[in-house]
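Since the structure comes first, as structure tokens, the remarks are kept for the end.
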Amino acid sequence: MAYILVAIAIVSALIFYSRLRSSPYPLPPGPTKLPLVENLFQIPRGGFIWLDYAELCRKYKSDIIHLSALGNSIIILNSSKTVGDLLEKRSSLYSSRPPTVMLGELMGWGSTLIFRPNDDSWKAQRRIINQAIPPTDPKRFHPKQLSATHDLLRVLPYSDNVMKSLQVWAAAFIMDVTYGLDPEEAKPYLPTAMAALESMSIAGTPGAFYVDQIPILKYVPEWVPGADFQRKAREWSDLRVKMTETAFSVTKERMAMGTATPSLTLAALEQMDRTQNLASQEEVIKKASVTAYGGGSDTIVAALGSFILNMLMNPEIQTKAHEQLEKVLGPGDLPSFSDEPLLPYITAIAQEALRHNPVTPLAFPHALTQDDVYEGYFLPKGSIIMPNVWSILHDEEQYPEPDLFKPSRFLGVDGKINPKVKDPATAAFGFGRRACPGKHIALASLWIAVASILTCYSIEPELDEHGKPVKPKAEWYPGPTLFNHPLPFKCRFVPRSKDVQTSLGVTLI
Ligand code: HEM
């Protein structure tokens, strides 16, 4: 194994440096590259890697830094300027994805929208999502979002594991948006879908499998000692296939019977070009739909988990939110989307939940498809580009005291949303042609959930055996991960009034 590593390191370094010699420009600053191993031991691997990257940028006094190892060239963009200049303004060069062996090749996710390079298949899948959930028609899913939120309100007070309850709820909700299956109908499909997403998140964790660093290992057969990753890849690929096929075929059957309810998959099936090959169009729809399901569920869980945890830690913010809700809503009223302009403090809380602990602090890696030069630096073709969303959303100039959870930063003196403060959604959902196509669904779902939870409940610490509140700990999954979410925590959802319970049809007090 060691020989293979050394051989790969030598060949990769030789190829990389022969290309560098042809450029008159230096690479961006970064840690000194050691012979052969280059930056192998300086590439952050564990814990909150976005903080490590931010620290490296501080150390090398640059918002763009370069690291390399084993033939991979990695560029970190640490400010909204570098991200805007490259991922937005030069989007045509910076919108591909780096290949992944475990997830992409062995498990088969590489053909789906989020992992696909920017080729025709990616464009076709992206078009399907854009047509089926167009940002120009944000109300299309409001009825589903409202009814899912009311389901969540009924579950929360009985939950002894908020993060788990959010996960089950979000999986069912996104199943409805994607395939038109209501929570009861979705139940049989959820275990497979949730297991497939979990396998994706394990395999997508940087450094989790050696085969991603040493691609030649993909040829080692499953029976060879130490090649257990092959068995996992096979089983996880089976989960992907099952998740992709089953719910899709239900929607298709229902469409044929005329009983399908609105969904992303139904809209895409209805928009197929009947003069062209239907089977190949269906294949594209399946891949787009399964990616929307994958992209939408755990992200919403993380954002809502962050909101709930921050309410628990900041009771004074809850009090302010309750005051505004009481002024706007009548007794027993549950919020609706049309209330949003009258509830700017709620909007500010949702924005702060996305900013304070961004769900995807490094967005998702982009890949550069052509050699480029930026501010006098050479950026080699094939580089993995990591936009540091966490740094952008913790920029002290934009967001003073960035580590504080402070919704009021988004409000002007008139108490309304201040357009001069940058909306965190401009970074939290990624960049350029790869920016999240589900952003408007995510924002609306987050807003209505925040408004409704705060209308119905006061989020309070759990009580010990003497009835004393237990001081909550705010702990976040330490990774390694590209995906930022709170660790499981305990809290109580204490009903605020009998009237809203009547509206929900439940009895809690
Ligand atoms: C709080 C919730 C969400 C967050 C924070 C989020 C964030 C992101 C980010 C950072 C990316 C990568 C952008 C880039 O590469 O620059 C992305 C991609 C994507 N998201 Fe979301 N997302 C959320 C919800 C959703 C929802 C609800 C859906 C679908 C209904 C969705 C579907 C997708 C898809 C399909 C992609 C892949 C786009 C591509 O590679 O071209 N996301 N999302």
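These numbers were taken from a predicted model, which means no experiment stands behind them. Both ligands and their constituent atoms are indexed starting at 1 by order of listing.
Checking only distances, Leu354 never comes within under 3.5 Å of ligand 1, N or O to N or O. The shortest N or O to N or O distance between His366 and ligand 1 is below 3.5 Å. Between Arg433 and ligand 1, no N or O atom pair is found at a separation short of 3.5 Å. The distance criterion of under 3.5 Å between nitrogen or oxygen atoms is not met by Thr291 with respect to ligand 1.
Counting the atoms of ligand 1 from 1 in the order shown, those under 4.0 Å from a heavy atom of Arg126 are 38 (C), 39 (C), 41 (O). In the vicinity of Phe364, heavy-atom distances shorter than 4.0 Å reach the ligand 1 atoms 12 (C), 15 (O).
Checking side-chain atoms of Asp212 against main-chain N and O of Val101 turns up a donor-acceptor pair under 3.5 Å. In this structure, the side chain of Ser249 engages the main chain of Thr246 through a donor-acceptor pair within 3.5 Å. The backbone N or O of Pro44 sits nowhere less than 3.5 Å from a side-chain atom of Asp52 that would complete a donor-acceptor pair. A donor-acceptor pair is defined here as one N or O able to donate and one able to accept, closer than 3.5 Å; such a pair exists between the side chain of Asn388 and the backbone of Ser391. Of the possible donor and acceptor atoms, none in the side chain of Thr291 sits under 3.5 Å from a partner among the backbone N and O of Thr112.
Looking only at protein heavy atoms, the nearest one to atom 29 (C) of ligand 1 is Ala292 O, 3.6 Å. Nearest protein heavy-atom contact of atom 6 (C) of ligand 1 is Phe429 CD2, 3.6 Å. Among all non-hydrogen protein atoms, the one lying nearest atom 26 (C) of ligand 1 is Gly296 CA, 3.4 Å. Thr299 OG1, 3.4 Å is the protein heavy atom nearest to atom 24 (C) of ligand 1. Shortest contact from atom 13 (C) of ligand 1 to any protein heavy atom: Arg434 O, 3.2 Å. Looking only at protein heavy atoms, the nearest one to atom 15 (O) of ligand 1 is Arg97 NH1, 2.8 Å. Looking from atom 10 (C) of ligand 1 to the surrounding protein, the closest heavy atom is Thr360 OG1, 3.2 Å.
The number of heavy atoms from other shown groups lying within 6.0 Å of NZ (Lys242) does not exceed 12.
Using a non-hydrogen distance threshold of 4.0 Å, Val177 does not register as a contact of ligand 1. The shell of residues lying under 4.0 angstrom from ligand 1, judged by heavy atoms, excludes Phe115.
Looking at Gly295, Gly432, Pro437, it is Pro437 that brings a heavy atom closest to atom 19 (C) of ligand 1. Selection from Ala425, Cys436, Ser445 by nearest heavy atom to atom 18 (C) of ligand 1 gives Cys436.
Counting heavy atoms under 4.0 Å from ligand 1, residue Ile114 touches it through both backbone and side chain. Counting heavy atoms closer than 4.0 Å to ligand 1, residue Ala428 contributes backbone atoms (N, CA, C, O) but none from C-beta onward.
Cation-pi geometry between Arg97 and Phe364 is not satisfied (NZ or CZ under 6.0 Å from the ring centre, within 45° of the ring normal).
Atom OG1 of residue Thr261 and atom CG of residue Asp176 lie 5.5 Å apart, to the nearest 0.5 angstrom. Note that CD1 of Ile300 is 8.0 Å distant from CD1 of Ile441, once rounded to the nearest 0.5 Å.
Taking the six-membered ring where tryptophan is involved, the planes of Tyr457 and Phe493 are perpendicular, since the angle between them exceeds 60° and thus also 30°.
Across Lys287, Arg240, Lys286, Lys252, a single residue satisfies salt bridge (Lys or Arg N to Asp or Glu O under 4.0 Å) together with Glu245, and that is Lys286.
A centroid separation of 6.0 Å or more is found between the aromatic rings of His366 and Tyr94.
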